[in-house]
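Input: a single structure, listed below in structure tokens.
Just so you know, residue 1 is the first one in the sequence shown, and it goes up from there.
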Amino acid sequence: MTGTPTPVSDELRAGTACLAAAGIDSARHDADWLMAHVLGVDAGRLVLMDAIDDAQARAFRSAVERRARRIPLQHIVGTAAFGPVELAVGPGVFIPRPETEYLLEWAVDRLRERPGSALAADFCSGSGALAIGVAAMSPGTRVVAVEADEDALVWLRRNVTDAATVVGSRVEVVAADVTDPEQIADSVPMGSVSVLVTNPPYVPLDAAVGPEVAHDPARAVFGGADGMSVIEPMVPVIARTLAPGGVVGIEHDDTTADAVVACLHAHGDFEDVTRHADLTGRPRFVTARRR
């Protein structure tokens, strides 16, 4: 260690205060993660660190200043944890949220009910969070990760390549528009998918969003005036893609659960349409079964 040692506890205390003053609810958590990133250690090992040198202190303070400007924590450290995997993220791709892990768990549970190998699909895959998470938690399952946006595809391909071989080798990346039945049919055989998940752009244009959301690509966040501009045209494509008895889980905005349920019922090829809430009771995703 070079330079004048500075107690880690002092830096964390000052960093936490700075982030809290900026209105960040998870101030101490974020300060810990930024310090761990600067030091190149797991956040759980910070209790073992007594002091840092001047260069490390400057790097930490710079990271705290960026976070105080509401730059997402994940953009600063370059990764986002999602279920059992860690994904590379940055400008140009939507940062996966912990809330989407409810949909991941649902998908993995459904795959456990199906003996042997199965084909799963992740529509609007983005960083590949759901696709890679499913492959990691469901050994033997093949996953098709479908994404149309060129910037997001860069991150998706990187994350699939960087995944463990036993995981990444079972994830196929497809560049296609999930609302275009012909594009999807060219890459995913009709009636072949057992479990399909999607976290599409679904936030209504006039919805109030947090400062960090401004760093996500708008095309990955907003789903038109009513939040349904991607979901509605995607539902017929999902119906064609699922095998008979196959299931789908669609994440949606807090305000659009009714609209998603109505859309699935109106199509006519779905049954067992079910709403799901997260642990806070907020509407999170809707599931259905292909007749």
Does [X] use its side chain to pair, donor to acceptor, with the backbone of [Y] at less than 3.5 Å?
X	Y	result
Tyr202	Val230	no
Arg170	Thr141	yes
Arg67	Ile71	yes
Glu271	Arg291	no
Ser138	Leu111	no

Check whether any side-chain heavy atom of [X] sits under 4.5 Å from a side-chain heavy atom of [Y], and report yes or no.
X	Y	answer
Val235	Phe270	yes
Leu12	Phe60	yes
Leu46	Leu39	yes
Val146	Ser125	no

Could you tell me which non-hydrogen atom of Gly246 sits nearest to which non-hydrogen atom of Arg114, and how far apart they are?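 Shortest heavy-atom separation between Gly246 and Arg114 comes out as CA-NH2, 3.8 Å.
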Closest non-hydrogen contact found for Leu19 with Ala31 is CD1-N, 3.8 Å
Is it the case that more than 12 heavy atoms not belonging to Arg142 sit under 6.0 Å from its CZ atom?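 Atom CZ in Arg142 is not crowded, with 12 or fewer foreign heavy atoms closer than 6.0 Å.
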Let's go through Asp216 and Arg97 carefully: what are the C-alpha distance in whole Å and the side-chain angles of both, what is the deciding distance for salt bridge (charged side-chain N to carboxylate O under 4.0 Å, His left out) to 0.1 Å, and is it a yes or a no? CA-CA 12 Å; Asp216 283 318; Arg97 270 46 171 189; 2.8 Å; yes
Is there a salt bridge (charged side-chain N to carboxylate O under 4.0 Å, His left out) between Asp151 and Arg219? Walk through the geometry before answering. CA-CA 11 Å; Asp151 291 336; Arg219 59 189 174 276; 3.1 Å; yes
His276-Phe285 aromatic ring centre distance below 6.0 Å: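 Yes, the ring centres sit under 6.0 Å apart.
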Take His37 and Trp33 through the test side chain to side chain donor-acceptor pair (under 3.5 Å) and record every step on the way to the result. CA-CA 6 Å; His37 173 66; Trp33 276 94; over 6 Å; no
